[in-house]
**Student:** 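Please find one structure pasted underneath; my questions will follow.
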Amino acid sequence: MPDMNFENRTIFHSDNLAVLRGMNSETIDLIATDPPFNKNRDFHATPDSLASGTKFTDRWSWDKDVHEDWWDAIKDDWQGVYEVIDAARAASGDDMAAFLCWLGVRVIEMRRILKPTGSLYLHIDHTAHAWVKAMLDGIFGRKNFRNEIVWCYSGGGVPKNDYPRKHDTLLRYTKSNKYIFNTEYKPYKENTQQVGKHSTYSGGHDIPLKRGTPVTDWWTDIKTVTGWSPERNGYPTQKPLALYERIIKASSNQDDIVLDPFAGCATTPVAAERLGRQWVAIDIWDDAYQTVLDRLESEGLAVQKEEETEQTEKRLITFGDVHYTKTAPERTDLGEVNAPDLRLRAQRSPEPWEKLTHKMIVEQLTKAQSISIKEKELVICAGCGRELENPFMELDHILPRADRGTNDITNRILLCRPCNGYKSSTLTLSGLVKRNKKEKWMYNERQAKEAQGGARLRADKIRNGEINI
C-alpha cells in the first residue's frame, strides 16, 4: 500500500477537490460524508446565516460551477458517469447536471484514495438521490453497491399538500468485493420473547440470543439533532454523533483511517476520535478547525495543553495534536504501482500539444475531417463515412482508454453519434469499421479512410509544431 502523505487528525481548510487529488491512492479505509445537496442554501455561507433562514438562489449553475476540465475528464474516462449527467441535464435541468458534475469529480477521487477493502457512505436526500445513485453505480460499479440505508426521523413542520419528508438516505458502496464490515446489534424490542438461547419475534422466527437484533438498513432509533440537544452547535445540517458512530463501527476497525471531505461541524472527526480511529477532515468553512477543537473538548476528548491532563491510563489529546493547514498534500505515489517490483517511468511534464482541451481538439479535428458539399461545410464520420453537421459529431478515442489509449489529439477522432454509441468504450476504431461493414452500416468507406487520414495528419502537424494553436 502507498504511504500516507498526510497526518492523522488533520483539518484541511480548502476546497476538497484539491486535497483529494493530492492524497496518495489507497490510503483511506472509510469515507463517511454529508455533501451539500440543498440547492437553496449556499454552502459557502456561514452556519449562522443559514440557521437564521437566509435564502439564496440556486447554488448550482452549469456555466458558473462546472469547470471544462472536469467535464472533459468525465467524458474521456467515465462513460457511464457522463451518460448519467447528460440524462440528468435533459430530464432535471442544468442545475442538477452541474451538481452531479461537481460531486462526480470528487467521488472519482474518493474511490481512488480508498483502500481495496474500503467503503464509502454518502449521505443524500430526496432532491438528488436517484441521480446520485446512478452516478455512483458508474463510478464504483453496480456490483459494489451494498446498501441504501434509510434514516428515519420525526419532528419539524407538516406540509398541507404533501406527505411529510422524514427520512434521508445513505448510499453505501465498497471499493471491491472484499471489504470491512462488522455486524452491529441493537437491543431487542420489548415485545421480543426470549426463550432459552434464542429469541422469538412475533413473526415466529428464531435468532441466536447474542447482543441483540442485527441492525438492518432501516434506521429508526437515531434521533436528529434538535435545538435543545446537547450536541447542537448551530450548524444547520448537523447530524447526530450516533449516526456516524454506527457507520464507523460497521465499516472500519481500530486505528483505521476515516475521511470526511465535507466535514462541516465535525461530527465525523469527533465520532472517529471517540472510537479510536485515525481521521482526516476537509472543509471550506472558515470556522471548521475551531469547531473541531471545541467539540473534541466538549466531548472530553481533548484539552488545550498537555500539562493540564491528569495522570490517567489514556492521555487525552491536546489541541496541538490536531493539525490545521490550507495547503493540499502532494502525492508521492505517482509513477508507482502496487507490486514493489513493477515500476512505471517517472512522470514528465506534458508537451503543449498534450495539453489541448476537449474543445480545442474538437475544433482541430473538425477542420481535419471537414468536407464542402453544395457550399455547406460538413464533417465526415471516421467510422462510417457519413457527412453530417458538426453538432451531430462526437469526440472519441481511437484506442480505448481501457487499452491504455491516451487522451491527447493523436488518439482522438470524430464519429457520428450512432458510431460513437456502437464503439462504446471497448472497440478500437478499426474494430468499429469492421463492425460497420458486417452490420451494413458503412456508408462510404473511402470517405471514412480520408477522415481518419486527415485527422492523423493534422494531429502529427500539431505534435511536430507545424501548426500552432
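Nothing here was measured: the structure is a model prediction, and the numbers come from that model. Along the sequence shown, the residues carry numbers beginning at 1.
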**Student:** Would a 4.5 Å heavy-atom cut-off, applied to side chains only, mark Ser251 and Tyr179 as touching?
**Tutor:** no
**Student:** Determine, for Glu184 against Lys249, whether the closest basic-nitrogen to carboxylate-oxygen distance falls under 4.0 angstrom.
**Tutor:** no
**Student:** Would you check if Pro35 and Leu103 make a side-chain contact, meaning some heavy-atom pair closer than 4.5 Å?
**Tutor:** yes
**Student:** Write down the atom of Thr267, the atom of Pro240, and the distance for their closest heavy-atom approach.
**Tutor:**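 It is CG2-O, 3.8 Å.
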**Student:** Considering residues at least two apart in sequence or located in another chain, which fulfil the side chain to side chain contact (heavy atoms under 4.5 Å, CB included) criterion with Lys133?
**Tutor:** Asp137, Phe145, Leu171, Tyr173
**Student:** Can you list the residues that meet the side chain to side chain contact (heavy atoms under 4.5 Å, CB included) rule with Lys461, with sequence neighbours excluded?
**Tutor:** Leu457, Glu466, Ile467
**Student:** Sequence neighbours excluded, which residues qualify as side chain to side chain donor-acceptor pair (under 3.5 Å) partners of Gln452?
**Tutor:** none
**Student:** Between Asp396 and Lys75 (salt bridge meaning N to carboxylate O under 4.0 Å), is one present in this structure?
**Tutor:** no
**Student:** Is there side-chain contact between Thr174 and Phe181, with heavy atoms separated by less than 4.5 Å?
**Tutor:** no
**Student:** I'd like to know whether the aromatic ring centres of Phe262 and Trp102 sit less than 6.0 Å apart in this structure.
**Tutor:** yes
**Student:** Who passes side chain to side chain contact (heavy atoms under 4.5 Å, CB included) against Thr366, sequence neighbours left out?
**Tutor:** Val362, Val379, Asn390, Leu414
**Student:** Is a salt bridge present between Asp256 and Arg277, judged by a nitrogen-to-oxygen distance below 4.0 Å?
**Tutor:**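 Salt bridge absent between Asp256 and Arg277.
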**Student:** So, for Pro329 and Asn5, which heavy atoms are closest and what is the spacing to 0.1 Å?
**Tutor:** CB-O, 3.5 Å
**Student:** For the pair Asn253 and Asn182, evaluate side chain to side chain donor-acceptor pair (under 3.5 Å) and give the outcome as yes or no after the intermediate values.
**Tutor:** CA-CA 8 Å; Asn253 296 319; Asn182 307 306; 3.1 Å; yes
**Student:** Taking side chain to side chain contact (heavy atoms under 4.5 Å, CB included) as the definition, give me every residue that meets it alongside Lys143, ordered by chain and number, with sequence neighbours left out.
**Tutor:**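 Once residues adjacent in sequence are excluded, Lys143 has no partner under the side chain to side chain contact (heavy atoms under 4.5 Å, CB included) criterion.
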**Student:** Whether the Thr428 and Ser430 side chains hold a donor-acceptor pair (N or O, under 3.5 Å, no angle test) is what I'd like checked.
**Tutor:** yes
**Student:** Hey, is Glu273 close enough to Arg9 for a salt bridge, meaning N to O under 4.0 Å?
**Tutor:** yes
**Student:** When you look at Phe12 and Thr327, which way does the side-chain contact (heavy atoms from CB on, under 4.5 Å) test go after all the steps?
**Tutor:** CA-CA 7 Å; Phe12 287 99; Thr327 304; over 6 Å; no
**Student:** Determine the sole option in Leu399, Asn411, Leu415 for which the side-chain contact (heavy atoms from CB on, under 4.5 Å) test with Leu429 is passed.
**Tutor:**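 Exactly one option meets the side-chain contact (heavy atoms from CB on, under 4.5 Å) with Leu429, and it is Leu415.
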**Student:** If only side-chain N and O atoms count, and only distance matters, is there a donor-acceptor pair under 3.5 Å linking Thr33 with Asp260?
**Tutor:**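 Asp260 vs Thr33: donor-acceptor pair found between side chains.
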**Student:** Would Tyr153 and Asp168 count as having a side-chain donor-acceptor pair, cut-off 3.5 Å?
**Tutor:** yes
**Student:** Which is it for His323 and Tyr289 under the side chain to side chain donor-acceptor pair (under 3.5 Å) test, yes or no, and what are the steps along the way?
**Tutor:** CA-CA 9 Å; His323 309 286; Tyr289 174 62; over 6 Å; no
**Student:** Could you tell me whether a side-chain N or O of Asp217 sits under 3.5 Å from a main-chain N or O of Asn147, the two making a donor and an acceptor?
**Tutor:**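 Between the backbone of Asn147 and the side chain of Asp217 there is no qualifying donor-acceptor contact (under 3.5 Å).
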**Student:** Once ring pair (Phe, Tyr, Trp, His ring centres under 6.0 Å) is applied, do any residues pair with Tyr82, and if so which ones, sequence neighbours excluded?
**Tutor:**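 Expected list: Trp71.
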**Student:** Less than 4.5 Å apart, side chain to side chain, heavy atoms only: is that true for Met110 and Pro261?
**Tutor:**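 When only atoms from C-beta onward are counted, Pro261 and Met110 do touch, with a gap below 4.5 Å.
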**Student:** Classify the side-chain pair Arg331/Ser25 by whether it contains a donor and acceptor separated by less than 3.5 Å.
**Tutor:** yes
**Student:** Show your working on salt bridge (Lys or Arg N to Asp or Glu O under 4.0 Å) between Lys359 and Glu68 and close with a plain yes or no.
**Tutor:** CA-CA 9 Å; Lys359 182 178 180 181; Glu68 187 175 359; 5.9 Å; no
**Student:** Which residues pass the salt bridge (Lys or Arg N to Asp or Glu O under 4.0 Å) test with Arg89, not counting sequence neighbours?
**Tutor:**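 Scan of Arg89 (salt bridge (Lys or Arg N to Asp or Glu O under 4.0 Å), adjacent residues dropped) gives Asp94.
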**Student:** I'd like to check the side chain to side chain donor-acceptor pair (under 3.5 Å) partners of His129; sequence neighbours left out, ordered by chain and number.
**Tutor:** Glu148
**Student:** Just checking, is any N or O donor in the side chain of Asn407 or His358 under 3.5 Å from an acceptor N or O on the other one?
**Tutor:** no
**Student:** Could you tell me whether Arg106 and Glu109 make a salt bridge, using a distance below 4.0 angstrom between a side-chain N and a carboxylate O?
**Tutor:** no
**Student:** Does any N or O in the side chain of Asp29 come within less than 3.5 Å of the main-chain N or O of Ile257, such that one atom is a donor and the other an acceptor?
**Tutor:** yes
**Student:** Yes or no on side-chain contact (heavy atoms from CB on, under 4.5 Å) for Leu241 and Glu299, after CA distance, side-chain angles and deciding distance?
**Tutor:** CA-CA 11 Å; Leu241 281 169; Glu299 291 291 330; 3.5 Å; yes
**Student:** Salt bridge (Lys or Arg N to Asp or Glu O under 4.0 Å) with Arg21: which residues, sequence neighbours excluded?
**Tutor:** none
**Student:** If the condition is ring pair (Phe, Tyr, Trp, His ring centres under 6.0 Å), which residues does Trp78 pass it with, not counting sequence neighbours?
**Tutor:**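 Trp78 satisfies ring pair (Phe, Tyr, Trp, His ring centres under 6.0 Å) with no residue once adjacent residues are dropped.
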**Student:** Please name all residues satisfying salt bridge (Lys or Arg N to Asp or Glu O under 4.0 Å) with Arg458, sequence neighbours left out, ordered by chain then number.
**Tutor:**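 For Arg458, no residue satisfies salt bridge (Lys or Arg N to Asp or Glu O under 4.0 Å) once neighbours in sequence are set aside.
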**Student:** Could you give me the CA-CA distance, side-chain angles and deciding distance for Arg246 and Val215, then say whether side-chain contact (heavy atoms from CB on, under 4.5 Å) is met?
**Tutor:** CA-CA 10 Å; Arg246 174 168 290 174; Val215 172; 3.9 Å; yes
**Student:** Do Ile284 and Ser14 come close enough that some side-chain heavy atom pair is under 4.5 Å?
**Tutor:** no
**Student:** Side-chain contact test, heavy atoms from C-beta onward, threshold under 4.5 Å: evaluate it for Phe6 versus Thr27 and give yes or no.
**Tutor:** yes
**Student:** Decide, yes or no, whether a salt bridge links Asp76 with Arg412 under the criterion of side-chain N to carboxylate O below 4.0 Å.
**Tutor:** yes
**Student:** Do Trp353 and Asp408 touch side chain to side chain, with heavy atoms closer than 4.5 Å?
**Tutor:**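 Yes, at least one pair of side-chain atoms sits under 4.5 Å.
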**Student:** Using the salt bridge (Lys or Arg N to Asp or Glu O under 4.0 Å) criterion, which residues pair with Arg165? Sequence neighbours excluded.
**Tutor:** none
**Student:** Say whether, by atom type as modelled, one donor and one acceptor occur between the side chain of Gln254 and the main chain of Leu275 under 3.5 angstrom.
**Tutor:**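 It does hold such a pair.
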**Student:** Checking Tyr324 against His13 for the side chain to side chain donor-acceptor pair (under 3.5 Å) test, could you report, in this order, the C-alpha distance in whole Å, the side-chain angles of both residues, the deciding distance, and whether it holds?
**Tutor:** CA-CA 7 Å; Tyr324 170 84; His13 180 197; 2.7 Å; yes
**Student:** Start with the C-alpha gap between Trp279 and Thr268, add the side-chain angles, then the distance that decides, and say whether side chain to side chain donor-acceptor pair (under 3.5 Å) holds.
**Tutor:** CA-CA 8 Å; Trp279 55 265; Thr268 303; over 6 Å; no
**Student:** If you define the side chain from C-beta out and look only at heavy atoms, does anything of Ile469 sit under 4.5 Å from Met360?
**Tutor:** yes
**Student:** For the pair Glu394 and Arg417, find out whether any cationic side-chain nitrogen is under 4.0 Å from an anionic carboxylate oxygen.
**Tutor:** yes
